[in-house]
Amino acid sequence: MGAVPGIVMGLILGLSRTTRRLLGPIFSALYPVPKIAILPLILLIFGVGDASKFVVIAIGVFFLMLYNTMSGVMQTPQIYMDVAKNAGASRLQTFRRIAFPAALPSIFTGLKLAAGSSYIIIAAAEFLGARSGVGFFIWASWQTFAVSRMFVGIVVISAMGYLTILALEALERRFVPWAKH
């Protein structure tokens, strides 16, 4: 939910200096706000449950994807953009054939960072505003001093993160075959 808008905005900001100048300061001001700090507001709006967890994760993922994608687009060699322009490529063609493929390695880096961050955010969100989930399990175990159960929850999150990274690396090998793996 946060990755797709982050990728789209990253592509837009990476391709447009004017948009980057207008929206960049807003994103720069919002990014450092701890996502858990806004959880109480999100709980007021969406209630205790899955919706609030999805929203807080989407917000955290959005910024990682935005900045990684924008960076990937901005690192595209200018010669590629100049060749496309001289060949008469439209903005859509430049986007589809040059900017997006050039940003893919950075997008996958962002996805890996976002996956890890999302597990951190979900655990913290479940500490505070949930009645189920691995984070809730860890917190409930801590409250009852069931240290071994707490470690089970930590190992489960670690295994889920590891499997997510493996899946993302497999997708990266499939969709970014030119990158060094």
Side-chain angles (χ1 to χ4, degrees), residues 1-82 84-85 89-130 135 157 160-161 164-165 167-169 171-172 175-176 179:
M1 290 172 35
V4 172
I7 291 169
V8 171
M9 283 305 301
L11 289 166
I12 292 168
L13 268 64
L15 288 169
S16 172
R17 179 175 287 141
T18 304
T19 307
R20 194 167 50 248
R21 284 185 182 152
L22 289 173
L23 298 179
I26 296 168
F27 292 128
S28 295
L30 293 174
Y31 174 63
V33 173
K35 306 323 168 234
I36 294 305
I38 60 172
L39 182 61
L41 178 62
I42 292 170
L43 288 171
L44 281 173
I45 296 168
F46 295 98
V48 176
D50 289 341
S52 59
K53 292 188 279 188
F54 292 147
V55 170
V56 75
I57 291 169
I59 291 169
V61 166
F62 171 82
F63 287 101
L64 293 169
M65 296 310 304
L66 168 84
Y67 283 113
N68 274 281
T69 303
M70 184 174 67
S71 175
V73 171
M74 291 173 65
Q75 290 178 19
T76 304
Q78 186 60 41
I79 188 84
Y80 295 169
M81 300 300 218
D82 293 342
K85 186 177 181 179
S90 68
R91 290 179 65 77
L92 180 62
Q93 289 172 323
T94 301
F95 163 78
R96 285 184 55 222
R97 299 287 183 185
I98 296 171
F100 184 68
L104 275 174
S106 294
I107 289 171
F108 274 99
T109 298
L111 285 170
K112 291 175 201 170
L113 291 169
S117 294
S118 67
Y119 284 115
I120 294 167
I121 294 169
I122 191 65
E126 288 175 348
F127 285 175
L128 303 173
I157 287 179
M160 290 171 22
T164 302
I165 296 298
L168 287 170
E169 286 175 347
L171 286 171
E172 184 177 19
F175 291 108
V176 193

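For reference, positions follow the sequence shown, starting with 1. Because the structure is predicted, anything quoted here is derived from the model rather than measured.
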Between Pro105 and Glu172, the two heavy atoms sitting closest are O-OE2, 4.3 Å
Heavy-atom pair of closest approach, residues Gly72 and Ser106: CA-OG, 3.4 Å
CD1-CE distance between Ile12 and Met70, expressed to the nearest 0.5 angstrom: 12.5 Å
When you look at CZ of Phe27, are more than 12 heavy atoms from neighbouring residues, nucleotides or ligands closer to it than 6.0 Å? yes
Please report the interatomic distance CG(Leu15) to OG1(Thr76), rounded to the nearest 0.5 Å. 8.0 Å
First locate atom CG of Leu43, then atom NZ of Lys53, and finally report the distance between them rounded to the nearest 0.5 Å. 10.5 Å
Do Phe175 and Phe108 have side chains that get closer than 4.5 Å, going by heavy atoms? yes
At their closest point, which heavy atom of Gly10 faces which heavy atom of Thr69, and how far apart are they? C-CG2, 3.8 Å
Does atom OH (Tyr67) have a neighbourhood of more than 12 heavy atoms from anything else shown, all under 6.0 Å? yes
Minimum heavy-atom separation for Lys35 to Leu30, with atom names? NZ-O, 3.8 Å
What distance separates Arg91 CZ from Arg96 CZ, expressed to the nearest 0.5 Å? 15.5 Å
Pairwise side-chain contact, Leu111 with Leu171, heavy-atom cut-off 4.5 Å (strictly under): no
If you measure from OG on Ser16 to CG on Leu22, what distance do you get to the nearest 0.5 Å? 8.0 Å
Do Leu64 and Tyr31 pass the side-chain contact (heavy atoms from CB on, under 4.5 Å) test, and can you show the C-alpha distance, the side-chain angles, and the key distance before you say yes or no? CA-CA 9 Å; Leu64 293 169; Tyr31 174 63; 3.9 Å; yes
Heavy-atom donor-acceptor pair, Ser71 side chain to Asn68 backbone, under 3.5 Å: no
Nearest non-hydrogen partners of Ala125 and Leu39, listed with the distance: CA-CD2, 3.7 Å
Which heavy atom in Pro101 sits nearest to a heavy atom in Ile98, and how many Å separate them? CD-O, 3.5 Å
Would you compute the distance between atom CD1 of Ile120 and atom CD1 of Ile122 and round it to the nearest 0.5 angstrom? 12.5 Å
Polar side-chain atom of Ser28 near backbone of Gly24 as donor-acceptor pair, under 3.5 Å: yes
Residue Leu44 excluded, over 12 heavy atoms near CG under 6.0 Å: yes
Do Thr94 and Lys85 make a side-chain contact, defined as non-hydrogen atoms from C-beta onward lying under 4.5 Å apart? no
Is atom CZ of Phe54 surrounded by more than 12 heavy atoms (other residues, nucleotides or ligands) closer than 6.0 Å? no
Run the numbers on Met65 and Met9 for side-chain contact (heavy atoms from CB on, under 4.5 Å), then give the verdict. CA-CA 9 Å; Met65 296 310 304; Met9 283 305 301; over 6 Å; no
